[in-house]
Asks: 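Take this structure first; my questions come after.
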Amino acid sequence: MRLGSNFGAFLDPVADKLMVATTLVLLCTRPLEVAMFGQVPWLMAVPSVAIIGREITMSAVREWAASQDTKLLEAVAVNNLGKWKTATQMAALTILLATRDSSLGGPGILVASGVFFLYISAGLSLWSLAVYIGKISKVLIK
């Protein structure tokens, strides 16, 4: 229907971030079991903290940039690295949720691939944060 509003444009990314953060927190409530080590409580927590921290930081930076000049706002515009981050994050969360309490779970390639994608997503999150901070620094130094 191609309907849109300023409020919707604001709320959509906030809702996305809230759903991702909630999913990450819920996935951290029960540690994954790794055959070699037993329960590993930090396995999900480490990438989750990185991803949620990056999202909070970027939301604050984008809000601040919007109150400044146009060049700062352009420096924090969405880029392809962010799209790859989101794609790997959604793949990881889908796999981890699907294997959480179903017959797909347990030790296996699916759970391992979900954790792998989550760590890739966390790495891309931190990398994209560094890229954005670098772009902002260049604008502020000029």
Side-chain angles (χ1 to χ4, degrees), residues 1-102 104-105 107-142:
M1 291 175 47
R2 298 184 187 205
L3 297 175
S5 68
N6 289 337
F7 182 66
F10 161 77
L11 199 56
D12 184 53
V14 172
D16 291 348
K17 287 170 182 38
L18 185 59
M19 285 191 301
V20 167
T22 301
T23 303
L24 288 168
V25 168
L26 290 175
L27 285 170
C28 287
T29 61
R30 185 174 42 172
L32 287 175
E33 292 215 19
V34 178
M36 208 169 170
F37 305 113
Q39 284 193 347
V40 186
W42 54 264
L43 190 63
M44 297 294 291
V46 170
S48 296
V49 167
I51 290 167
I52 293 170
R54 183 261 186 203
E55 295 301 338
I56 292 170
T57 303
M58 280 310 301
S59 293
V61 167
R62 284 195 174 109
E63 186 69 28
W64 170 74
S67 70
Q68 303 299 312
D69 64 10
T70 311
K71 289 185 181 187
L72 274 175
L73 199 52
E74 290 171 5
V76 294
V78 176
N79 61 28
N80 284 336
L81 188 56
K83 293 181 188 292
W84 280 102
K85 173 208 63 97
T86 301
T88 57
Q89 187 173 287
M90 293 305 143
L93 295 178
T94 300
I95 293 166
L96 291 168
L97 286 172
T99 58
R100 178 84 173 177
D101 291 315
S102 73
L104 297 174
I109 193 74
L110 273 179
V111 174
S113 64
V115 172
F116 174 76
F117 280 129
L118 191 62
Y119 272 84
I120 294 296
S121 175
L124 291 172
S125 292
L126 297 176
W127 184 13
S128 69
L129 179 63
V131 168
Y132 286 127
I133 297 301
K135 287 180 177 180
I136 290 168
S137 298
K138 287 179 184 176
V139 171
L140 291 177
I141 290 173
K142 287 183 181 181

Asks: Can you tell if the side chain of Leu118 reaches within under 4.5 Å of the side chain of Ile95, non-hydrogen atoms only?
Replies: no
Asks: Does any non-hydrogen side-chain atom of Lys83 lie less than 4.5 Å from one of Asn80?
Replies: yes
Asks: Ignoring hydrogens, what is the shortest heavy-atom contact between Lys85 and Ser121? Give both atom names and the distance.
Replies: O-OG, 3.5 Å
Asks: For Ile51 versus Ala122, what's the shortest heavy-atom pair and its separation?
Replies: CG1-CA, 3.8 Å
Asks: To check you understand the geometry: which heavy-atom pair defines the closest contact between Leu96 and Val111, and what is its length?
Replies: CD2-O, 4.1 Å
Asks: Looking only at heavy atoms, which two atoms of Thr29 and Leu26 are closest? And how far apart?
Replies: OG1-O, 2.6 Å
Asks: Roughly how far, to the nearest 0.5 Å, is the CZ atom of Arg54 from the CG atom of Leu126?
Replies: 9.0 Å
Asks: Within a 6.0 Å radius of atom CH2 on Trp42, are there more than 12 heavy atoms belonging to other residues, nucleotides or ligands?
Replies: no
Asks: Measure the spacing between OG of Ser48 and CG of Leu24 and express it to the nearest 0.5 Å.
Replies: 4.0 Å
Asks: Please set out all donor-acceptor pairs under 3.5 angstrom arising from side-chain atoms of residues 15-23, sequence neighbours excluded.
Replies:
residue : atom : partner : partner atom : Å
Thr22   : OG1  : Leu18   : O            : 2.7
Thr23   : OG1  : Met19   : O            : 2.8

Asks: Between the side chain of Tyr119 and the main-chain N/O of Leu43, is any donor-acceptor distance below 3.5 Å?
Replies: yes
Asks: Walk me through it: do Thr86 and Leu124 pass the test side-chain contact (heavy atoms from CB on, under 4.5 Å)?
Replies: CA-CA 9 Å; Thr86 301; Leu124 291 172; over 6 Å; no
Asks: Does a side-chain heavy-atom distance below 4.5 Å link Gln68 with Leu140?
Replies: no
Asks: Calculate, to the nearest 0.5 Å, the distance between atoms CD1 and CD1 belonging to Ile141 and Ile136 respectively.
Replies: 11.5 Å
Asks: Taking the six-membered ring of Tyr132 as reference, does the NZ or CZ atom of Arg62 fall below 6.0 Å from its centre and within a 45° cone about the axis?
Replies: yes
